[in-house]
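Note that the coordinates shown come from a computational prediction; the quantities given were computed from them, not determined experimentally.
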Amino acid sequence: MIGLLKTAQRKGLGTLFFSKLDCWAEKRKVRRLVLTVITESQAAVNLYRKLVLK
């Protein structure tokens, strides 16, 4: 489980993390990553929606 403190949110850290994770997985030929979302966290939901739309 990974999360960010409210004071660390909206600074691009979540986007950076997922970008690095994507590069890591691609280099290792990982075919599937699974994401579980806690829907009570609107900030997390917004981040995941933004990432899916890219």
Side-chain angles (χ1 to χ4, degrees):
M1 179 181 279
I2 297 173
L4 290 174
L5 297 172
K6 285 201 181 282
T7 56
Q9 293 175 0
R10 311 234 9 109
K11 294 180 169 45
L13 297 174
T15 302
L16 177 63
F17 171 79
F18 281 105
S19 174
K20 297 290 185 180
L21 177 62
D22 188 48
C23 289
W24 175 88
E26 198 172 298
K27 286 179 185 175
R28 287 157 183 81
K29 300 188 185 335
V30 173
R31 290 191 269 167
R32 182 186 304 186
L33 296 171
V34 177
L35 174 67
T36 301
V37 181
I38 299 172
T39 58
E40 288 82 22
S41 174
Q42 192 59 50
V45 171
N46 292 342
L47 171 63
Y48 306 142
R49 281 189 179 141
K50 178 176 97 170
L51 294 172
V52 169
L53 295 176
K54 283 188 172 184

>> Can you pull out every side-chain hydrogen bond (donor to acceptor under 3.5 Å, both in side chains) where at least one residue sits in residues 1-13? Sequence neighbours excluded, please.
In response: none
>> Tell me which pairs pass side-chain hydrogen bond (donor to acceptor under 3.5 Å, both in side chains) where either residue lies in residues 25-45, with sequence neighbours left out.
In response: Gln42-Asn46
> Under a 4.5 Å side-chain heavy-atom rule over Ile, Leu, Val, Met, Phe, Trp and Tyr, are Leu47 and Leu16 clustered together?
Replying inline: no
>> Just verifying a value: how many Å separate Ile2 CD1 and Leu13 CG, rounded to the nearest 0.5 Å?
In response: 12.0 Å
>> Show me the pairs that pass ring-ring contact (aromatic ring centres under 6.0 Å, His included) and involve residues 18-46, at least two apart or across chains.
In response: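 Listed once each, the pairs are Phe18-Tyr48.
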> Between Leu4 and Gly14, what is the shortest heavy-atom contact and its length?
Replying inline: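 Scanning both residues completely, I find the closest heavy atoms to be CD1-N, 3.9 Å.
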